[in-house]
2 protein chains.
Amino acid sequence: IIRLEKVTKIYKMGDIEVKALDELDFTMEEGDFVAVMGASGSGKSTLMNILGCLDLPTEGEYFLDEKSVGKMKKDELARLRNAKLGFIFQNFNLLPRTTALDNIELPLLYASGITRRERHEKARNSLELVSLSDRHKHHPNQLSGGQQQRVAIARALVTDPLVILADEPTGNLDTATSKDIMNIFKSLNNSGKTILLVTHETDIAAYAKRKILLRDGKIIQDTQSRKN
Amino acid sequence: IIRLEKVTKIYKMGDIEVKALDELDFTMEEGDFVAVMGASGSGKSTLMNILGCLDLPTEGEYFLDEKSVGKMKKDELARLRNAKLGFIFQNFNLLPRTTALDNIELPLLYASGITRRERHEKARNSLELVSLSDRHKHHPNQLSGGQQQRVAIARALVTDPLVILADEPTGNLDTATSKDIMNIFKSLNNSGKTILLVTHETDIAAYAKRKILLRDGKIIQDTQSRKN
Ligand SMILES: Nc1ncnc2c1ncn2[C@@H]1O[C@H](COP(=O)(O)OP(=O)(O)OP(=O)(O)O)[C@@H](O)[C@H]1O
Ligand SMILES: Nc1ncnc2c1ncn2[C@@H]1O[C@H](COP(=O)(O)OP(=O)(O)OP(=O)(O)O)[C@@H](O)[C@H]1O
Ligand SMILES: [Mg+2]
Ligand SMILES: [Mg+2]
């Protein structure tokens, strides 16, 4: 469902160049549950942004559902991304002057064929799933760090995506709340969803079926290929 | 050095009220190293914001260095805060269109009697301390999540504060980088600095000498008072 071939990403800032991904190869099948680990600055978010079609590689190919993302037109890419992917950002990326419920409804505005009433209901169910129903009217700056993170998780799940890309989804959550969220991911994976999760916490990575380790933009360990 | 007496904080949003802190009593001596834990939404950041003089309690008293913060004039409070406290925010709070180095220098602009050259040198040393010297020209959006967090840590330490308030300082850092940061805090505490650290990770809390547990705005456990 996801295939990266020799993907390189170089950020250019004036005269400085930073190579964040270095000829990276990576394949995921439908129903996989992969944890991505690695040091701060090793390229995890850069990898997620490319997989989430939020950024383009400098070199190399990305195939989503066997279609080459690099060769797609912009609106076709946006449609595919919105229909298939749910993305949880490391910094939440919630709209500041918008309620928690409206933030969660946002991805549904781009989906065709959903009535306003269905949108509200799906958003309320998603908010209920992360135990924040009583905060539906709050704006992000009226929520704690972990509550904002859970709104971001609810937003990513509201479109019932096939592939969930989560960048450090438990970074601001206490142990008990983290377990609730990981159990949500686990049950989604059991029902056939594909999940890719960046984390620096080994007990969070333990929920995944496969672990990869990034260093300096390359995959240096992959529990799947080594069969260990 | 820090004393809270019956501190209550109620956020009012229209017709909704949220009691984030509930008649909380808390005392810290100079040289203490305290970890604050608790579920998402339990009031940890609210407590930090009041201790960091960034917000006022709704009820109760806060004494910093035996002076009542509630009774101080605004500029006296700002001077005391800038001279004594270093604050690391849960969401970093870096200036977006500013380099890493300039972000770190910012607190020094408010300190009297420091030359421009000393400011640069102190900022460079602080950036070196968190191993990000090669990123000094980057803006926050050109840095990874964990790198931004380390710039926020460097900024809090550049004024050599007596009291360091850190809200989830390792939330975005891998294990090795987290250890580096915790060892910096440990050596600062060994040299007499007072440290209060919010964390949801027990292995991070293990670096502290005293642990308190918040639930619904109250301290329900304190390793110091129980002598365990
Ligand atoms: N500005 C605000 N306006 C309204 N409610 C707020 C505001 N800030 C926090 N709250 C509420 O107060 C409660 C405590 O929030 P606080 O940020 O202190 O929690 P926390 O323990 O830091 O949580 P986390 O671990 O998720 O960061 C939460 O329920 C939150 O919704
Ligand atoms: N927009 C950008 N412009 C320039 N450099 C960038 C940009 N984004 C990231 N980088 C650099 O690319 C490298 C990889 O960044 P990335 O955000 O992918 O790391 P990460 O593994 O997610 O780190 P963390 O665990 O700290 O979130 C870092 O060294 C960073 O400084
Ligand atoms: Mg990242
Ligand atoms: Mg908080």
Side-chain angles (χ1 to χ4, degrees), chain A residues 11-16 18 20 37-46 48-49 89-92 94 99 130-132 134-150 167-168 170-178 180-181 198-205 213-215, chain B residues 11-16 18 20 37-46 48-49 89-92 94 99 130-132 134-150 167-168 170-178 180-181 198-205 213-215:
Chain A
Y11 294 110
K12 293 186 191 63
M13 291 159 297
D15 51 350
I16 307 172
V18 174
M37 305 190 77
S40 172
S42 57
K44 304 181 297 294
S45 294
T46 302
M48 293 298 263
N49 291 343
F89 293 86
Q90 188 170 5
N91 62 353
F92 320 146
L94 299 175
T99 65
V130 297
S131 310
L132 279 177
D134 58 338
R135 296 267 184 258
H136 62 97
K137 270 193 198 166
H138 286 225
H139 289 200
N141 68 347
Q142 296 171 333
L143 293 171
S144 79
Q147 291 168 339
Q148 292 175 39
Q149 186 149 45
R150 284 183 282 164
D167 196 344
E168 297 276 1
T170 61
N172 282 278
L173 301 178
D174 59 282
T175 310
T177 313
S178 291
D180 295 345
I181 296 298
V198 167
T199 183
H200 64 275
E201 298 178 70
T202 40
D203 44 358
I204 298 297
L213 180 64
L214 275 192
R215 184 185 295 162
Chain B
Y11 294 109
K12 291 184 191 62
M13 291 158 297
D15 52 349
I16 307 171
V18 175
M37 304 190 79
S40 172
S42 57
K44 305 181 296 294
S45 295
T46 301
M48 294 299 264
N49 292 342
F89 292 86
Q90 187 170 5
N91 62 353
F92 320 141
L94 299 174
T99 66
V130 296
S131 310
L132 278 178
D134 58 338
R135 296 267 184 257
H136 62 98
K137 270 193 196 165
H138 285 224
H139 289 202
N141 68 346
Q142 295 171 334
L143 293 172
S144 79
Q147 290 168 341
Q148 293 175 40
Q149 186 148 46
R150 285 184 281 163
D167 196 344
E168 298 276 1
T170 61
N172 283 278
L173 300 178
D174 59 282
T175 310
T177 313
S178 292
D180 293 346
I181 295 297
V198 167
T199 183
H200 65 274
E201 298 177 69
T202 40
D203 43 358
I204 298 296
L213 180 62
L214 274 192
R215 183 185 295 164

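None of the values given here were measured: they were computed from a predicted structure. Chain letters run A, B, ... following the sequence lines, proteins first and then strands; every chain starts at 1.
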Where does [X] contact chain B at under 4.5 Å (heavy atoms): side chain, backbone, both or neither?
X: A:Val198; result: neither
X: A:Leu143; result: neither
X: A:Ser42; result: neither

Could you walk me through whether B:Thr46 and B:Tyr11 pass the side-chain contact (heavy atoms from CB on, under 4.5 Å) check? CA-CA 10 Å; B:Thr46 301; B:Tyr11 294 109; 2.9 Å; yes
Top contributor to chain A interface from B:Arg150, B:Lys137, B:Met13 [non-hydrogen pairs under 4.5 Å]: B:Met13
Using a 4.5 angstrom heavy-atom cutoff, name the option from A:Lys44, A:His139, A:Glu201 with the most pairs to chain B. A:Glu201
Between chain B and each of A:Arg135, A:His138, A:Met37, count heavy-atom pairs under 4.5 Å; write down the option with the most. A:His138
Please name the pair of heavy atoms, one in A:Pro140 and one in A:Leu94, separated by the smallest distance, quoted to 0.1 Å. CG-CB, 3.8 Å
Given heavy-atom pairs under 4.5 angstrom as the criterion, report whether the side chain, backbone, both or neither of B:Thr177 touches chain A. side chain
Atom group of B:Thr202 that falls short of 4.5 Å from chain A, counting heavy atoms: neither
Quick one: side-chain contact (heavy atoms from CB on, under 4.5 Å) partners of A:Ala39, sequence neighbours excluded? B:Asp174
A:Glu168 vs B:Asn172, side-chain hydrogen bond (donor to acceptor under 3.5 Å, both in side chains): CA-CA, chis, key distance, verdict: CA-CA 7 Å; A:Glu168 297 276 1; B:Asn172 283 278; over 6 Å; no
Ignoring hydrogens and angles, tell me if any N or O in the side chain of B:His200 forms a donor-acceptor pair with the backbone of A:Leu173 under 3.5 Å. yes
According to the side chain to side chain donor-acceptor pair (under 3.5 Å) rule, which pairs have a member within residues 140-149 of chain B, sequence neighbours left out? B:Ser144-B:Gln147
